[in-house]
**Q** 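Below is a structure I'd like to ask you about.
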Amino acid sequence: MEYNFTEIEKKWQRYWEENKIFKTYDDFSNPKKYYILDMFPYPSGSGLHVGHPEGYTATDIVARYKRMNGFNVLHPMGWDAFGLPAEQYAIQTGTHPAVITNKNCDTFRAQIKSLGLGYDWDREVNTTDPGYFKWTQWIFIQLYNTWFDEALQKGRPVSELPVPEEIKKQGDKAVQRYISEKRLAYYDDAQVWWCDHCRIVCANEEVLTDGSHEKCGNPVVRKNLKQWMLRIPLYAERLLKGLEKLDWPEGVKEMQYNWIGKSTGAEVDFELDGLDEKLRVYTTRPDTLFGATYMVISPEHPGVKQITLPEQAAAVEKYANDASKKSDLDRTDLSREKTGVFTGRFAINPVNGKKIPVWVADYVLIGYGTGAIMAVPAHDTRDFEFALKFGLPIDCIMDPEGAEPGLRNKVLAGKECWTEDGIYVNSSDDKRGISINGLNKEQGIKTIIEWLEKMEIGAATVNYKVRDWLFSRQRYWGEPFPVIHWEDGEISLLAEEELPLTLPKLEKYLPGENGESPLANAGEWLQVTGKDGRRGRRETNTMPQWAGSCWYYLRYIDPKNDKVPFSAEKEKYWMPVDLYIGGTEHAVLHLLYSRFWHKVLFDLGIVSTDEPFMKLFNQGMILAYAYETATGAKIPVDLVEERDGKYYKRDSGEELKQIMAKMSKSLKNVVNPDDVVRKYGADSLRLYEMFMGPLDVIKPWADNGVKGVSGFLGRVFKFFAHKENITGGEEDPEILKELHYTIKKVARDIEDLKFNTAISQMMIFTNACIKKGKVTHDTASRFIKVLSPFAPHIAEEIWEIYGNKGSIATEEYPAYDEKYLASDTFEYPVSFNGKLRFKIELPVDMAIPEIEKSVLAHPNARKWVEGKQLKKIIVVPNKIINVVVV
RNA sequence: GCCCGGAUGGUGGAAUUGGUAGACACGCAGGACUUAAAAUCCUGUGGCCAGUAAUGGCUGUGCGGGUUCAAUUCCCGCUCCGGGUACCA
């Protein structure tokens, strides 16, 4: 009997589907639930690549394993199907994006099914389905109708928002404006990133470090546009706190911490010489106030004009103008040479009354803190550079006591910058009753803040880097906002009964003029007339792709519900997600956004948990080998030939270096899972994806590796599927021991997501069985169950050959018995001065003095002890023996 | 620059976190089967040295130090690679 994987895999995939083996029932009587989630894919036109099955196989193994352990498992799949490529295709061909999207989903679904992944397809969701995005729109309405109560650190309905009397007195418009300023979702003029290539705005998170658009790589520019924004910074503290209790990779947590970017410090008011205004700065180092020798305001600071003296006005205006023309790319990229111009104005340092000049410079950003800083060149590297360039005074106020003397003297002389801790000097003022001399940084900050607060010129403040989330895009293929802009400027949202607001059919999908979405061309759809006869226009922007993925994990719980987004009872049973697996590329974007939405929903009582994803795991990217010349030019793989383990360019014979690179069409190193399935079978693909290495690391695809695991499955079939190898009677103790160890090891490895070592152990076991020649039916059955989560098709087939009815997926995972794992003796490695010399087999329960005696009596021991003095013998029971001689 | 990861045979990777480094695979070499090849099976396989051989010794986890009876694992100082971030006061 041959191992015909193609036939076997088709047969069992059909069986699973027909018998709904992986259907999840909302059986609340089972207290053991396990919600295991994959990051759902964008169904691109090119189909699945080998990176997808990596995470999916991992979750599938865990899901199958948990099911075999009696858990009620929720393991769904769906499509993050809004997105640019479908729209671009629509622009080119005139076909509605839904057509191509649905086709792509069909391809993806078929491919995923061909891998034998056990999803409950009855729960499939699709973000572009009106039945789904109805609720995305609904959540948007909830966000719009929520304000954040700072005191309670909690989102609350705007109906509960207290409106101050003086606002009420100003009339209804003022009240509405007041409420708008508190809503989590608001519509306003904003300086936004605009990608001219995509004709779309981008969120801060979508702009890369070099000022390019994450999606297309083209540079983005600043633009002022009316846009929908979400006030995610209000949740900054909650988002930070929530991270603490999550079982997430440290790196991802770190990235979220950094992105939120909390900093604590103080705001301090500086009086301006000759003006009745004050200049407020934010600083994390209020303790260095005595060292503030000048101030800097951002070119965009609203006070620039007022502060600047007439004789400097021209210079300042020019500088501000130039700065505004510079893209942010230039501003950060330009070799960091600091620029700036003096306003002519002086401010008064509140701690010592000294007059210090106020400058304008673009190294101070308007979007952070107050857009103005006090500059302490002696203790801040940026201020130091600036002071050096413009010859501003550098007053050292902190003695770096611990530093090396040469450096310390330079710092004290103001010739070097010191940002670390030290002891304050020159930091007192008798008249104002403040001194921090002799204190260290921590005490200094505390003392100064207390003093500032007492004098009412400053207060402790917290700042966050995270900005409002720009939540609209100039696209057709996204969720329409359930929003009407009325001719009088009022904004209203649709009622729940009016949802979903679906997309209109368009003739053309080209973007509108002046950065408007294609929906600006949707005549009839666009115009609305209110009951009062008022005319209005629908919002033409659509939501970003993140919207649908912000809550899809909730919809899986109750995907067909058309009354509510999901039933509360079901949500309570299934949430939170126990294990979430996906790529690191979503470390900040998706994972921050969905945590934010989830917390709002939690505050509104719509979900029962504060955090959505308890354990997160990132699978590593799968790369492919690629080849480059000595000069670094990449050569497509079809032009490369291998000789004696070296690589040469086929036409020129030039020797090439093998490197790892992302799979790409240009390098022709893309591996298509369909080809692998055809050639080796789905079980081999699954096994190889898991055997390559640890799940979380980047690893290169090697076709020969598939051959390795496929050989293993071939041997499994050849041995276990043939009844003549399977006997009755007593099992051999060695095999029994190996079996129980395998059961234990594989279980533990699955729990730890260490699939590579689990597979390795199954190989060891199989090799042992083959060597033995025969095993009992009981041994074989147990092993096949252990193998089944990894290679389900072959396991089902063998299970059936053994005469069983029904699916092995519904069997119980075998238990192991410690008694088979124990042995009477242990082969001790004996080392002398740490070097392994020989081994000695001794009873496991032998007393240490006996062990020492036996070791020294061993014939090989003499050689190492002779002529030396025995110092001591270290015996670690059942581990190692080390003899120390001198 | 700063913050996280990482570096182990020709290759992918193991090592119960201080206790036999190189499991398991790939590749390679030799052998069996075959007219031959593929497939399959068996044997060997970190490097160096000695020995006809069984075997024995030395060396070895990016580099340099240290702690320890014992270090891939812990500490200090570097080098290189990957990811994140970037004038955030």
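Letters A, B, ... mirror the listed sequences (proteins, then strands); counts begin at 1.
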**Q** Tell me the interatomic distance from A:F5, atom CZ, to B:A39, atom C1', rounded to whole angstroms.
**A** 13 Å
**Q** Assess the side chains of A:Y688 and A:S710: does a donor N or O sit below 3.5 Å from an acceptor N or O?
**A** no
**Q** Relative to the ring of A:F390, is the ring of A:W359 parallel (under 30°), tilted (30 to 60°) or perpendicular (over 60°)?
**A** tilted
**Q** For B:U17, measure the glycosidic angle (O4'-C1'-N9-C4 for a purine, O4'-C1'-N1-C2 for a pyrimidine) and name it syn if it falls within 90° of 0, otherwise anti.
**A** syn
**Q** Looking at B:A21, which nucleotide sits across from it as a Watson-Crick or G-U wobble partner, both distances under 3.5 angstrom, or is there none?
**A** none
**Q** Determine the interatomic distance between P on B:G46 and the same-named atom on B:C24; round to the nearest Å.
**A** 12 Å
**Q** Atom NZ of A:K679 to atom P of B:A39: distance rounded to whole Å?
**A** 11 Å
**Q** For A:R467, which contact category applies under a 4.0 Å heavy-atom criterion: base, sugar-phosphate, or nothing?
**A** base
**Q** When all nucleic acid strands are considered with a 4.0 Å heavy-atom cut-off, which category describes A:I874: base, sugar-phosphate, or nothing?
**A** base
**Q** Check A:K744 with A:E818, please: is the shortest side-chain N to carboxylate O separation under 4.0 Å?
**A** yes
**Q** May I ask which nucleotide in the shown strands pairs with B:A29, Watson-Crick or G-U wobble, both distances under 3.5 Å?
**A** B:U43
**Q** Under a 3.5 Å cut-off for both distances, is B:G1 Watson-Crick or wobble paired, and to whom?
**A** B:U85
**Q** Among the nucleotides B:C3, B:G13, B:U43, which one has an atom lying closest to any side-chain atom of A:N258?
**A** B:C3
**Q** If the C1' atom of B:G83 is compared with that of B:C28, how far apart are they to the nearest Å?
**A** 35 Å
**Q** Please give the distance between the P atoms of B:A7 and B:U72 as a whole number of Å.
**A** 14 Å
**Q** Between B:C69, B:G57, B:A89, which nucleotide gets closest to the side-chain atoms of A:V884?
**A** B:C69
**Q** When rounded to the nearest Å, what value does the distance between P atoms of B:G1 and B:C78 take?
**A** 12 Å
**Q** Students often get this wrong, so: under 4.0 angstrom with heavy atoms, is A:N767 touching a base, only sugar-phosphate, or nothing?
**A** sugar-phosphate
**Q** Start at the 5' end of RNA chain B and walk down; is the nucleotide closest to A:M763 or to A:P700 reached first?
**A** A:P700
**Q** Would you kindly give the CZ-to-P distance between A:R715 and B:C24, to the nearest whole Å?
**A** 12 Å
**Q** Would you mind pulling out the nucleotide paired to B:U73, Watson-Crick or G-U wobble, both distances under 3.5 Å?
**A** none
**Q** Does A:K718 contact B:U40 through a side-chain donor or acceptor facing the base, at a distance under 3.5 Å?
**A** no
**Q** Pick base, sugar-phosphate or nothing for A:N882, based on heavy-atom distances below 4.0 Å to the nucleic acid.
**A** base
**Q** Side chains of A:T742 and A:Y816: donor-acceptor distance under 3.5 Å anywhere?
**A** no
**Q** Taking pairing as Watson-Crick or G-U wobble with both contacts under 3.5 Å, can you name the mate of B:U67, or confirm there isn't one?
**A** none
**Q** Does A:K338 contact B:C87 through a side-chain donor or acceptor facing the base, at a distance under 3.5 Å?
**A** yes
**Q** Whole angstroms only, please: what is the CD-C1' distance between A:E385 and B:A86?
**A** 13 Å
**Q** Determine the contact category for A:W864: base if any of its heavy atoms lies under 4.0 Å from a base atom, sugar-phosphate if only primed atoms, P, OP1 or OP2 are that close, otherwise nothing.
**A** sugar-phosphate
**Q** Fit a plane to each ring of A:Y593 and A:W469, take the angle between them on a 0 to 90° scale, and name the class: parallel (under 30°), tilted (30 to 60°) or perpendicular (over 60°).
**A** parallel
**Q** Taking atom P of B:A70 as reference, at what distance in whole Å does atom NZ of A:K872 sit?
**A** 9 Å
**Q** Looking at the side chain of A:Y368, which of B:G13, B:A89, B:A14 is the nearest nucleotide?
**A** B:A89
**Q** Are A:K262 and A:E237 ion-paired here, with the side-chain N under 4.0 Å from a carboxylate O?
**A** yes
**Q** Is A:N756 touching bases, backbone alone, or none of the nucleic acid, heavy atoms closer than 4.0 Å?
**A** sugar-phosphate
**Q** Looking at the angle O4'-C1'-N9-C4 for a purine or O4'-C1'-N1-C2 for a pyrimidine, is B:G9 syn or anti, with syn meaning within 90° of 0?
**A** syn
**Q** Expressed as a whole number of Å, how far does the P atom of B:U17 sit from that of B:C4?
**A** 25 Å
**Q** Less than 4.0 angstrom from a charged side-chain N to a carboxylate O is my criterion; do A:K745 and A:D749 meet it?
**A** yes
**Q** Measure from the side-chain heavy atoms of A:V697 and tell me the nearest of B:C58, B:A23, B:G13.
**A** B:G13
**Q** Base, sugar-phosphate, or nothing for A:K745, non-hydrogen atoms under 4.0 angstrom?
**A** nothing
**Q** Can you measure A:N704 atom CG to B:C24 atom P for me and round it to whole angstrom units?
**A** 19 Å
**Q** Looking at the side chain of A:W259, which of B:C24, B:U85, B:A25 is the nearest nucleotide?
**A** B:U85
**Q** Would you mind classifying the nucleic acid contact of A:F691 as base, sugar-phosphate or nothing, using non-hydrogen atoms under 4.0 angstrom?
**A** base
**Q** Need to verify one output field. Residue with the more 5' nearest nucleotide on RNA chain B, A:G251 or A:P829?
**A** A:G251
**Q** Closer than 4.0 Å, any side-chain N/O of A:T381 to the OP1 or OP2 of B:C87?
**A** no
**Q** How far does the C1' atom of B:G44 sit from the matching atom of B:A53, given to the nearest Å?
**A** 16 Å
**Q** Does A:K441 pair with A:D421 as a salt bridge, N-O distance under 4.0 Å?
**A** no
**Q** Just compare B:U20, B:A89, B:C24 and give me whichever is closest to any side-chain atom of A:Y282.
**A** B:A89
**Q** When you measure from the side chain of A:M255, which nucleotide among B:G84, B:G13, B:U16 comes out closest?
**A** B:G84
**Q** In terms of ring plane angle, is the pair A:H722 and A:F717 parallel, tilted or perpendicular, where the classes change at 30° and 60°?
**A** perpendicular
**Q** Looking at A:E689 and A:K699, is any side-chain nitrogen of the basic one under 4.0 Å from a carboxylate oxygen of the acidic one?
**A** no
**Q** Taking pairing as Watson-Crick or G-U wobble with both contacts under 3.5 Å, can you name the mate of B:A50, or confirm there isn't one?
**A** B:U55
**Q** Taking atom C1' in both B:A50 and B:A29, compute the distance separating them and give it to the nearest angstrom.
**A** 23 Å
**Q** Output the rounded distance in Å from NZ (A:K699) to P (B:G6).
**A** 14 Å
**Q** Check every strand shown and say whether A:K835 touches a base, only sugar-phosphate, or nothing at a heavy-atom separation below 4.0 Å.
**A** sugar-phosphate
**Q** Where the side chain of A:I764 is defined as all heavy atoms beyond and including C-beta, which of B:C24, B:A89, B:U16 is the nearest nucleotide?
**A** B:C24
**Q** Pick base, sugar-phosphate or nothing for A:I698, based on heavy-atom distances below 4.0 Å to the nucleic acid.
**A** sugar-phosphate
**Q** Taking only N and O in the side chain of A:K879, is any of them less than 4.0 Å away from OP1 or OP2 of B:G18?
**A** no
**Q** Which base, if any, makes a Watson-Crick or G-U wobble pair with B:A7, both distances under 3.5 Å?
**A** B:U79
**Q** Using the P atom as the reference point in each nucleotide, state the distance between B:U11 and B:C63 in Å, no decimals.
**A** 15 Å
**Q** For the side chain of A:D362, counting heavy atoms from C-beta on, which of B:A89, B:A14, B:C87 is nearest?
**A** B:C87
**Q** Which is true for A:K754 with a 4.0 Å heavy-atom rule: it touches a base, it touches only sugar-phosphate, or it touches nothing?
**A** sugar-phosphate
**Q** Counting any heavy atom closer than 4.0 Å, what does A:Y625 reach on the DNA or RNA strands: base, sugar-phosphate only, or nothing?
**A** sugar-phosphate
**Q** NZ of A:K863 versus P of B:U55: gap in Å, rounded?
**A** 14 Å
